[in-house]
Amino acid sequence: VEAAERAFTIMTSEADWKGTNDATKRNDKLLFPKPISNGIPQNDESILHLMYGHEGSDSDERVMKEVSCRTSFLPAVDENNVLSSVVVSGMSDQNPDIMEERSDDLYKSGWVFDVSTIERQTKKKVENCGGLGYIDMKIALYGIRESGPLRMWLPFEGPSHDNHEPHDDKDSSSHGASHWFSSLVICEANEKRPEKACKLDSDIQYSIGGIDVPQSKVSSIGGAGVYLKRKTCYSIPIPAEAQVTQLSDVKTSDGKDISSNTRSQLSNQNDSYGLLLDITAVGQDVSRKNGACCISHVIWE
């Protein structure tokens, strides 16, 4: 309500309020008021910053930094920045028609873009009635132990500054991932899943910038990261030893060069830097029957 009242005051007091007053920016910084809710869930500090902003010069202000997100959910606002656009290797060759059932052999050959059985059945039902305006679809990457590692390269999309130019020394602190990235969140599709379905903390091994992340360090996100009492979003800490990787140096998880098509898909700037993220299903009980591992959103700041 306070935000709406503030907007009303600006719009009614200034004739050219769009051109002369940007209520959300000051010195090119995106500003918001501090949260006024009393029941904000307890989360890691990096997640609170990601969701509500960093404290600004004024204690009542919050500064929002550049936040990047990739998802495969439909509808896609930007077709060039969907989840597949950050995948380096580990996906199976699959029919782009998401309504086609995925086979067990396909899952064993790599991670698969798929939807839940309920989602596919619902889509078929509404299509028989002309669609009924049902344009959304919870498409996600699914994988099991046999799928192998899924490698992603998350481009740095924040504002550049002088000390973001890595030096020739590969061990320099300027190559440290935590110098470039402050938080990383992985989410699964927000839908009803079996109790034994893959859990994004205990059933997956993450490697960031070449460094394995202990499963005990992966933490669930309260509040918005919970759906139907199931934890759906997790914070993956960025190891202090993790390094950023220049696009020209990116290789597949088994050390092979990537194709020119994959490289251009990741970024049109070959000298850009990003964070390598490897995701491997390791849980002994992870299977299609119990519920494969599901990655629907990757968010980073």
Side-chain angles (χ1 to χ4, degrees), residues 69-152 186-200 202-205 227-234 252-254 259 261-262 265 277-298:
C69 176
R70 299 294 188 275
T71 181
S72 46
F73 275 21
L74 296 180
V77 177
D78 184 353
E79 293 287 352
N80 294 321
N81 285 314
V82 292
L83 190 56
S84 58
S85 70
V86 294
V87 174
V88 176
S89 63
M91 279 178 51
S92 62
D93 293 328
Q94 54 202 277
N95 190 325
D97 181 7
I98 198 64
M99 298 305 294
E100 180 183 271
E101 298 278 352
R102 277 29 178 164
S103 67
D104 289 342
D105 287 340
L106 195 63
Y107 268 75
K108 292 177 181 178
S109 66
W111 286 68
V112 180
F113 273 117
D114 204 355
V115 293
S116 67
T117 300
I118 294 177
E119 184 80 0
R120 184 174 283 111
Q121 290 175 346
T122 302
K123 188 69 172 180
K124 288 179 178 179
K125 289 178 181 179
V126 298
E127 283 185 346
N128 291 333
C129 301
L132 301 176
Y134 185 82
I135 62 173
D136 59 312
M137 203 168 191
K138 297 177 181 179
I139 302 173
L141 273 170
Y142 289 82
I144 54 178
R145 288 170 58 87
E146 294 88 342
S147 300
L150 175 70
R151 168 162 286 194
M152 297 181 178
I186 304 291
C187 297
E188 67 178 20
N190 57 330
E191 57 191 3
K192 186 174 179 59
R193 304 202 73 205
E195 178 61 31
K196 291 185 178 181
C198 170
K199 295 177 175 58
L200 297 186
S202 57
D203 290 323
I204 287 183
Q205 176 62 59
Y227 181 76
L228 296 179
K229 298 183 179 181
R230 179 179 170 87
K231 298 171 182 178
T232 59
C233 290
Y234 289 81
T252 64
S253 57
D254 56 359
S259 67
N261 287 339
T262 299
Q265 163 196 294
L277 169 63
D278 292 299
I279 301 173
T280 307
V282 295
Q284 293 294 329
D285 296 327
V286 173
S287 65
R288 290 194 72 185
K289 179 181 179 180
N290 291 336
C293 296
C294 171
I295 306 293
S296 65
H297 294 72
V298 180

Can you tell me how far apart [atom1] ([X]) and [atom2] ([Y]) are? Round to the nearest 0.5 Å.
X	Y	atom1	atom2	result
D104	K289	CG	NZ	12.0 Å
S287	E146	OG	CD	8.5 Å
I144	C293	CD1	SG	9.5 Å
I186	Y234	CD1	OH	12.5 Å
T71	I295	OG1	CD1	11.0 Å
L150	L277	CG	CG	7.5 Å

State, to 0.1 Å, how close [X] and [Y] come at their nearest heavy-atom pair, and which atoms those are.
X	Y	answer
Q94	F113	OE1-N, 2.7 Å
D97	R102	O-NH1, 3.0 Å
T262	V87	CG2-O, 4.1 Å
S253	D278	CB-OD1, 4.1 Å

Under 3.5 Å, is there a donor-acceptor pair between the side chain of [X] and the main chain of [Y]?
X	Y	answer
R145	T280	no
S72	I139	yes
Q265	V88	no

### Task
Could you tell me whether D285 and K196 make a salt bridge, using a distance below 4.0 angstrom between a side-chain N and a carboxylate O?
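No.
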
#### Entry: Worked check of side chain to side chain donor-acceptor pair (under 3.5 Å) between T252 and D254
CA-CA 5 Å; T252 64; D254 56 359; 2.3 Å; yes

### Query
Does NZ or CZ of R288 lie under 6.0 Å from the centre of the six-membered ring of Y107, at an angle within 45° of the ring axis?
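Yes, R288 sits over the ring of Y107.
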
### Message
Quick check on side chain to side chain donor-acceptor pair (under 3.5 Å): which of R230, K231, H297 does E188 satisfy it with?
### Response
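One option only clears the test, and that one is R230.
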
### Task
Find out whether F73 and M137 are in side-chain contact, i.e. whether some heavy atom of one side chain is under 4.5 Å from a heavy atom of the other.
no

### Message
I'd like to know if the two cysteines, C233 and C187, have SG atoms within less than 2.5 Å.
### Response
yes

#### Entry: side-chain contact (heavy atoms from CB on, under 4.5 Å) assessment of R70 paired with S85
CA-CA 8 Å; R70 299 294 188 275; S85 70; 3.5 Å; yes

#### Entry: Flag for D105-S103: side-chain donor and acceptor within less than 3.5 Å
no

